[in-house]
Amino acid sequence: MAKPESRNISDSYNYEAFSRSESAGMSGEFKAALRAGEDAPDFELPTVDGEKVRLSAFRGRKHLLLEFGSIT
Amino acid sequence: MGEVSPLNKLYAQYRERGFEFFTIYVREPHPGENYGAHRSWEQKLKFARDCRQQDGIESVLLVDDLDGPVHRAYGSLPNMIYIVDKHGKIAYKAMWTDHAELASVLANLKLADEFEAKGMRLKPSYTEKINYIPAEYAGGLRDKVFDRAGPQAWADYKNVFAAKSK
């Protein structure tokens, strides 16, 4: 267990410990975020190997599957 | 990785047929001693590479910015999955992966492409659905990811679970 002073609570996105507040409410945020039939928010992100990928570059060409994930 | 994951199977089936699959690496939802909260871009990149190796990810692995703008724009859940059609519209969204359901949505989009190629006019048919799944992650996934994270992930999860059952 990390000592309290080593936990940085100012970064709420990259939280240091899973807590009750993190386990509640996010499914509501997910349901409200976007609906089927709406435009997918565009973004540009790097691949893990450093190439840039822009979502809208596939428009008119390919259907896309987006899976979100992590190690833990 | 001895066996091909269901998602890698779908990827192999669809990648040359007008589809591309991405995995977007986001924050660690259950930080622990081995894999804690992201503190730098370099660390997040390294964790993303570990994730690709440990989960045998074959789709294109993207890494969200440190403060998670793409993750937050799509609803912030750790394991959500979307299918975006070639017009840039959301065709499907789910909190958890159901491979049979993904296969059905992908097959429909492929069929729509074939109909369109024949000059057939298509219209969207809207669906909403609730799936019931085990509250404890199925298939030992929870144990696997908490063990990877370290004891803190188990302890934090048990604290939340104990608080909820009061």
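In what follows, every chain begins at residue 1, and chains take the letters A, B, ... in the order their sequences are listed. Just so it is clear, the values below take in all heavy atoms, side chains as well, and ignore hydrogens, waters and symmetry mates.
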Identify the residue among R72(B), H71(B), H38(B) that makes a side chain to side chain donor-acceptor pair (under 3.5 Å) with Y13(A).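 Of R72(B), H71(B), H38(B), side chain to side chain donor-acceptor pair (under 3.5 Å) with Y13(A) is met by H71(B) alone.
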
Mind checking which of residues 117-132 of chain B sit less than 4.5 Å from chain A, heavy atom to heavy atom?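 Under the 4.5 Å heavy-atom cut-off, Y126(B), E128(B) qualify.
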
Contact between K89(B) and D39(A) at the side-chain level, heavy atoms closer than 4.5 Å - yes or no?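 In short, these two side chains touch, coming nearer than 4.5 Å.
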
Drop me the distance from [X]'s [atom1] to [Y]'s [atom2], to the nearest 0.5 angstrom.
{"X": "K93(B)", "Y": "L34(A)", "atom1": "NZ", "atom2": "CG", "answer": "5.5 Å"}
{"X": "N14(A)", "Y": "E28(B)", "atom1": "CG", "atom2": "CD", "answer": "9.5 Å"}
{"X": "L62(B)", "Y": "E44(A)", "atom1": "CG", "atom2": "CD", "answer": "10.5 Å"}

Shared hydrophobic cluster for [X] and [Y] (ILVMFWY, side-chain gaps under 4.5 Å):
{"X": "L66(B)", "Y": "Y15(A)", "result": "no"}
{"X": "W154(B)", "Y": "Y35(B)", "result": "no"}
{"X": "F43(A)", "Y": "F21(B)", "result": "yes"}
{"X": "I57(B)", "Y": "Y14(B)", "result": "no"}
{"X": "F19(B)", "Y": "Y82(B)", "result": "yes"}

Cation-aromatic face contact K86(B)/F58(A), 6.0 Å, 45 degrees: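 No; the conditions do not both hold, so K86(B) does not lie above the ring face of F58(A).
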
Validation: residues 45-55 of chain A side-chain donor-acceptor distances under 3.5 Å, sequence neighbours left out:
{"residue": "T47(A)", "atom": "OG1", "partner": "D49(A)", "partner atom": "N", "Å": "3.2"}
{"residue": "T47(A)", "atom": "OG1", "partner": "G50(A)", "partner atom": "N", "Å": "3.2"}
{"residue": "T47(A)", "atom": "OG1", "partner": "E51(A)", "partner atom": "N", "Å": "3.1"}
{"residue": "D49(A)", "atom": "OD1", "partner": "R52(B)", "partner atom": "NH2", "Å": "3.4"}
{"residue": "D49(A)", "atom": "OD2", "partner": "R52(B)", "partner atom": "NH1", "Å": "3.3"}
{"residue": "R54(A)", "atom": "NH1", "partner": "D42(A)", "partner atom": "OD2", "Å": "3.0"}

[X], part contacting chain A, at a heavy-atom distance under 4.5 Å:
{"X": "P151(B)", "value": "neither"}
{"X": "V26(B)", "value": "both"}
{"X": "W41(B)", "value": "side chain"}

Using modelled atom types only, decide if a donor and an acceptor are shared between the side chain of N159(B) and the backbone of S19(A) within a distance under 3.5 Å.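 Not at all, since once roles are kept as given, no pair shorter than 3.5 Å links the two residues.
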
Whether the side chain of E29(A) engages the backbone of Y74(B) through a donor-acceptor N/O pair (distance < 3.5 Å, no angle test) should be reported.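 Checked: no pair found.
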
Sequence-distant partners of K144(B), side chain to side chain contact (heavy atoms under 4.5 Å, CB included), two or more places apart: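 Here the qualifying residues are D55(B), L141(B), R148(B).
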
Max heavy-atom pair count under 4.5 Å with chain B, selected residue of A36(A), P41(A), S56(A):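 Highest number of pairs under 4.5 Å: P41(A).
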
With chain B as the partner, which of G60(A), A32(A), A40(A), A33(A) has the greatest number of non-hydrogen pairs under 4.5 Å?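 Of G60(A), A32(A), A40(A), A33(A), A40(A) has the most heavy-atom pairs under 4.5 Å with chain B.
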
Most heavy-atom pairs under 4.5 angstrom with chain A, which of [options]?
{"options": "V105(B), V60(B), D113(B), L106(B)", "result": "D113(B)"}
{"options": "L102(B), L10(B), L7(B)", "result": "L7(B)"}
{"options": "S76(B), A153(B), A149(B)", "result": "S76(B)"}
{"options": "Y11(B), Y25(B), Y92(B)", "result": "Y25(B)"}
{"options": "N34(B), D85(B), T97(B)", "result": "D85(B)"}
{"options": "L77(B), D50(B), D65(B)", "result": "L77(B)"}

Do you know the tightest heavy-atom contact between A17(A) and P31(B)?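 Looking at all heavy atoms of both residues, the closest pair is N-CG, 4.2 Å.
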
How are the rings of F18(A) and Y157(B) set relative to one another: parallel (under 30°), tilted (30 to 60°) or perpendicular (over 60°)?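 Geometry flag for Y157(B) against F18(A): parallel rings.
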
Heavy-atom proximity to chain B below 4.5 Å, by part of R61(A):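 R61(A) touches chain B through backbone heavy atoms alone.
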
Does the side-chain contact (heavy atoms from CB on, under 4.5 Å) test come out yes or no for R39(B) and E16(A), once each step is laid out? CA-CA 10 Å; R39(B) 285 290 167 257; E16(A) 293 271 357; 2.7 Å; yes

Is there any residue in residues 63-72 of chain A with a non-hydrogen atom under 4.5 Å from a non-hydrogen atom of chain B, and which ones are they?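 Expected list: H63(A), L64(A), L65(A), L66(A), E67(A), F68(A), G69(A), S70(A), I71(A), T72(A).
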
